[in-house]
Amino acid sequence: MSAGRVPAAPDAPLPLVLAGARGHGRWHLENIRRLQQAGRVRLVGICELDPLTGAELEGLGEPAQSADFAGLLDATGAAAAVICTPIPTHADLAVAAAARGVHLLLEKPPAPSYADFERITDAVDAAGVACQVGFQSLGSHAVPAVRALIAEGAIGEPTGIGAAGAWARDEAYYRRAPWAGRRRMNGADVVDGVLTNPLAHAVATALAIDGSMRAEDVTRVDTELFRANAIESDDTSFVGISTARGGRVGVAATLCAERPDEPYVIAHGSRGRITFWYKQDRVLVQRAGHGPEEVLHGRTDLLENLVDHLAGRAELLVPPVSTGAFMKVVEAVRLAPDPRPLPVEAWRAVPGGHEGVRRRVVHGIDGLVAASADTLCGYAELGAFWALPGTPPGPAAGSPGARLTAADPSASRSRTAETPPR
C-alpha cells in the first residue's frame, strides 16, 4: 500500500476530489457515482470553473465546489483525486496533489512532454503516493491473456504489432475548447493530436501487447503527421516504433474516416495473428492448424484498482513507469515538424452527425489504416500520394474562417532521437 493520505479504516469509502467534471469528465463523474453507491468512494469535492448543478450531482450528496484545486484538497482532506482537465494542466495539478499526499488517477495523456512527465513522476516518487494513469484499455484482462498466448508460441515467432484507429470528428470537435487541436498554446505544449489524445489508447495498448511499456523499451520513433482539418495538430498519422528487444510496433490513426469503426491491435506471428478490439475487450485468434477462436474478456476499472491498491489488496495496473514508452512517442510527436496540411484533392467535406456540422474525410483512409496495421508500413510506404516526398502541402488555413494554422509546411516524416530514459 502506498503512503500518503488514506482512510482510517481500510474498507471505508475513499474520499476523493474530481478535477474536470464536464466533457470527458462526465464519464468519471458517472463512474464515481457508481462506486459511491457501492460504498467504495465518497466524492468530497469538484474542481470546475462553473459549479455543477443539483441535477448533475444527483446521488452524490453535496460535495464542495471550487475552481482552486489545491485549496479544495486542503479544505476537504481528500485522500485521492481524479484529474481530467486540459492536457497542459496535468503536470501542475498532479504535482500539487502529490505535495499534499493525495493519490491520483491521472487522465491520459499524462503530460504533453517528457519533461512534464518527469516532473510528475519525480513528485509522485518523492511523496510516496500512488498514481494511476487513465489508460482504461490496460485494465482489460485481454492484455495479459494476449501476451500469454504470444509467449507460449500460439502464433509462432512474433513478427510485430500493428494498430489501427479509424474515427471521425466533426469540425465542432476542434471548437470545444481553446486547446483542442493545438500543438502549443501561450508558449506551453499541448500536443493534442490523434495519436497522443483521441487514439492514445491504440498506441499504449500496442506497446503493452508488445511488452514494451517502459521508457527504456523504446529505441526509435518514426512519425508521419498530417492534417486535413484547419488545426495545428495531426488528425491523420502513423508512428513506427522500434523496441529494445528488436520488435516493431506500427500505429496508424485518423479522425477523418469514411466509415468510423472500432480501433484494434494486431499481434502478428509467423503462424498466425491475434486481433484485439480494445474498447470491446474482444480477442480473435487466427492460427495455422486451428479454426478461429474468439473470446470476450472482462475488465478491471482503474479507479476501483486504485482503491484496492490503497487498501493493500492489489498492485496498480497502470503506474507512470508503465507509460514511459507511450510518453516517448508523445515526445517524438512533440519534437517532429508540424503536421503537413493535406492537399485539397486528398479530402472532402461531408455533413457530420452532430446537427449536420461538417467533417472532413480523407479519401481511402480507412483502407490505408487497415493496411498499415496489417503490414506495419506508414502511409508513404503504402503509396498514399499525399504522403510521398515532394507532394505540395495543402493551404495553411484549410478553409475560410479557420482559427488555427500550421506554421511549418515542411515534410512531416521525421526520425527522432528520443529523450534519454530516466
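In this text, all values refer to a predicted model and were calculated from it rather than measured experimentally.
- Here the side chains of L207 and I161 are not in contact, with every heavy-atom distance at 4.5 Å or above.
- Nearest heavy-atom pair, D192 versus P198, reported as atom, atom and distance to 0.1 Å: OD1-CD, 4.3 Å.
- Ion pairing between a basic and an acidic side chain is recognised when a charged N comes within 4.0 Å of a carboxylate O; D210 and R245 show such pairing.
- Salt bridge annotation for R359-E171: absent, with no cationic side-chain nitrogen under 4.0 angstrom from a carboxylate oxygen.
- Residues D235 and R169 have side chains not in contact (no heavy-atom distance under 4.5 Å, counting atoms from C-beta outward).
- Inter-residue side-chain proximity for C377 and L382 is flagged as met; some heavy-atom pair is nearer than 4.5 Å.
- Checked for salt-bridge contact, K328 and E331 miss the test: no charged N lies under 4.0 Å from a carboxylate O.
- Note: F226 and F238 fail the aromatic proximity criterion, with ring centroids not under 6.0 Å apart.
- In this structure, the side chains of P88 and D189 stay at 4.5 Å or more apart for every pair of heavy atoms.
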Intermediate values then yes/no, side chain to side chain donor-acceptor pair (under 3.5 Å), T300 and H141: CA-CA 7 Å; T300 298; H141 304 166; 2.9 Å; yes

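- Annotation: side chain of V239 is not in contact with side chain of V333 (no heavy-atom distance under 4.5 Å).
- A salt bridge is defined here as a Lys NZ or Arg NE, NH1 or NH2 lying under 4.0 Å from an Asp or Glu carboxylate O, and E304 with R313 fails to meet this definition.
- Two residues are said to be in side-chain contact when any heavy atoms from C-beta on lie closer than 4.5 Å; W347 and W386 fail this criterion.
- Under the 4.5 Å side-chain criterion, counting only non-hydrogen atoms from C-beta, V283 is in contact with I274.
- A salt bridge is defined here as a Lys NZ or Arg NE, NH1 or NH2 lying under 4.0 Å from an Asp or Glu carboxylate O, and R182 with E232 meets this definition.
- Classification of R220 and D222 as a salt-bridged pair holds, one side-chain N sitting under 4.0 Å from a carboxylate O.
- Taking 4.0 Å as the cut-off between side-chain N and carboxylate O, R214 and D217 do not count as a salt-bridged pair.
- In this structure the side chain of K108 reaches within 4.5 angstrom of the side chain of N197, judged on heavy atoms.
- Salt bridge R33/E56: absent, no basic N to carboxylate O contact under 4.0 Å.
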